[in-house]
Amino acid sequence: MRNPAENHPPPRRRSAVPGPRTAEMASLDPSSVLPILSIRRKLLLWYRKNGRDLPWRKTADPYRIWISEVMLQQTRVETALPYYRTFLRRFPTVQALAGASPDDVLKAWENLGYYSRARHLHEAARIVAERFAGRLPENVEELRKLPGVGGYTAGAIASIAFGKAVPAVDGNARRVLARLFAVTATVDRPAAARQLESLAERLVPESAPGAFNQALMDLASACCTPRKPACGVCPLRANCRARRDGTAEALPRRMKRARIPERQAVSAIVRDRRGRLLVVRRPGKGLLSSLWKLPGGFLRERETPEEGLIRTFREETGVESELLSRAGTVHHSYTHFRLILHVFTVRIVRGKPQPLLCREVRWSTSEELASLAFSKADRKAMDLDAFPPGLDKSARR
DNA sequence: GTCCTGGATC
DNA sequence: GATCCAGGAC
């Protein structure tokens, strides 16, 4: 009947409690001790057999572990994998990353999404290089002060790279914990997040905290999946309250998300006589900051794509233009809006492009385009361009 | 609330 | 092909 999730031990710093806190738990409820020990043992055993073989698990280099954890924020393992390899070939050390140009770092991040991660990572690398002589701090509090390092990432680095017995609760771990302890509170509310965090804190063993934290996440991806969890083969099935209650698939509970609005935008494909493409660089803040894009922008209410194109192209670069043809439409979806992008081929009738509402304008050859960082949506838009045959060769010379 | 992309599902 | 969904930091 006792649910550890409902215990609210007085908040305390972990360091105040040496060793496993089993004595305290025992004094509260003898029956709750065994599950913790049993869960740890089973999970670690399962992990030794079934843990994924990932490159960042073959290294003890805190820098590499840090890179992997930042890449894994909001990102699947399979997606991050190739980026991890190329990023580390390119920036093998904290010093290499700290000394790189922002553009190189951004390019290495192209298509990985959430580009502020790349900016923060770069900034943090400089801090680590300058203030910490290239060594990452080892404790959660100091790690958390680095840009781009929040609670989860700090816990992951501290436990995996430095063997600290701290939890690292990401969305996967939250799912496992919510089911294991039948936490029915809405997990994206702070109260429930604290509850799960405190459960994780009690579970993490002093002996192998990094392995334990990773085991929790691997279990989440291998059998404690969001839909149709494979409870039959789960090593923790005997301990799982949700399994007992038949509520595994209903947990964790989330708030239902607001409907996502739709926004319309326009993009211009403009070529010069040599076949070079006009591209502009986005501002340093906001959506896709510092990435390159085609000229254009968001439509106003009741504005037609044609009107919007002429207006946004003028506002962004100061030129007067006319439409040549419709190149097509791109649909792309962001966290908080869906984008419908109308793409036109366009001709400049007056003026020379200036960086007015953008950081930079440039006529780019296809070779140069390959070296600039664009968002997925802009790549899609550029792919709509029916390149005039014959010009391509001259553009490359 | 604002940041992105890709995979699963219909 | 559209829609839903998963995944942390600020």
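The basis for the numbers below is simple: all heavy atoms, side chains too, and nothing from hydrogens, waters or symmetry mates. Per chain, numbering begins at 1; letters A, B, ... match sequence-line order.
Using a cutoff of 4.0 Å between basic side-chain nitrogens and carboxylate oxygens, A:E142 and A:R131 are not scored as salt-bridged. A salt bridge does not link A:R314 with A:E316: every distance from a Lys NZ or Arg NE/NH1/NH2 to an Asp or Glu carboxylate oxygen is 4.0 Å or more. Under a 4.0 Å N-O distance rule, the pair A:R311/A:E303 qualifies as a salt bridge. A salt bridge does not link A:K256 to A:D188: none of the charged side-chain nitrogens sits closer than 4.0 Å to a carboxylate oxygen. A:R281 and A:D103 are joined by a salt bridge, as a carboxylate oxygen and a charged side-chain nitrogen come within less than 4.0 angstrom of each other.
Between the C1' atom of B:dC3 and the CG atom of A:L121 lies a distance of 16 Å, rounded to the nearest Å. Per the geometry, CG belonging to A:L72 stands 10 Å off C1' belonging to C:dG7, to the nearest Å. In this entry the distance linking CD of A:E78 with P of B:dG7 reads 8 Å, nearest Å. The distance between atom CZ of A:R338 and atom C1' of C:dT3, rounded to the nearest whole Å, is 8 Å. In this structure, A:F337 places its CZ atom 13 Å from C1' of B:dG1, rounding to the nearest Å. The distance between atom CZ of A:R254 and atom C1' of C:dA6, rounded to the nearest whole Å, is 7 Å. With rounding to whole Å, A:D188 atom CG is found 12 Å from C:dG7 atom C1'. Rounded to an integer number of Å, the gap from A:Y115 OH to C:dG8 C1' is 17 Å.
With distances taken from any side-chain atom of A:T335 to the nucleotides C:dA9, C:dG7, B:dC4, the minimum falls on B:dC4. The side chain of A:R175 lies closest to C:dG7, out of C:dG7, B:dC3, B:dC4. Candidate nucleotides C:dC10, C:dG8, B:dG6 were compared by shortest atom distance to the side chain of A:R144, and C:dC10 ranks first.
Taking only side-chain nitrogens and oxygens, A:R119 never comes nearer than 4.0 Å to OP1 or OP2 of C:dA9. The shortest distance between the side-chain N/O atoms of A:H120 and the OP1/OP2 oxygens of C:dA9 is not below 4.0 Å. Using a 4.0 Å cut-off, no side-chain N or O of A:R263 falls inside it from OP1 or OP2 of B:dT2. Side-chain nitrogen and oxygen atoms of A:S116 include none within less than 4.0 Å of the OP1 or OP2 phosphate oxygen of C:dA9. For the pair A:N172 and C:dG7, the criterion of a side-chain N or O lying under 4.0 Å from OP1 or OP2 is met.
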Atom pairs under 3.5 Å: protein N/O with N/O of nucleotides 8-10 of chain B:
none

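Heavy-atom neighbours of A:K58 NZ from other residues, nucleotides or ligands within 6.0 Å: above the threshold of 12.
Within the nucleic acid shown, A:Y334 comes within 4.0 Å of at least one base atom, counting heavy atoms only. A:Q73 comes within 4.0 angstrom of the backbone, heavy atoms only, and of no base.
Comparing A:H331 and A:G151 by the nucleotide of DNA chain C that holds the closest heavy atom to each, the one mapping nearer the 5' end is A:H331.
For A:R263 and A:F298, the positive end sits near the middle of the six-membered ring, less than 6.0 Å away and at most 45° from its axis.
Donor-acceptor pairing under 3.5 Å is recorded for the side chains of A:N239 and A:K42.
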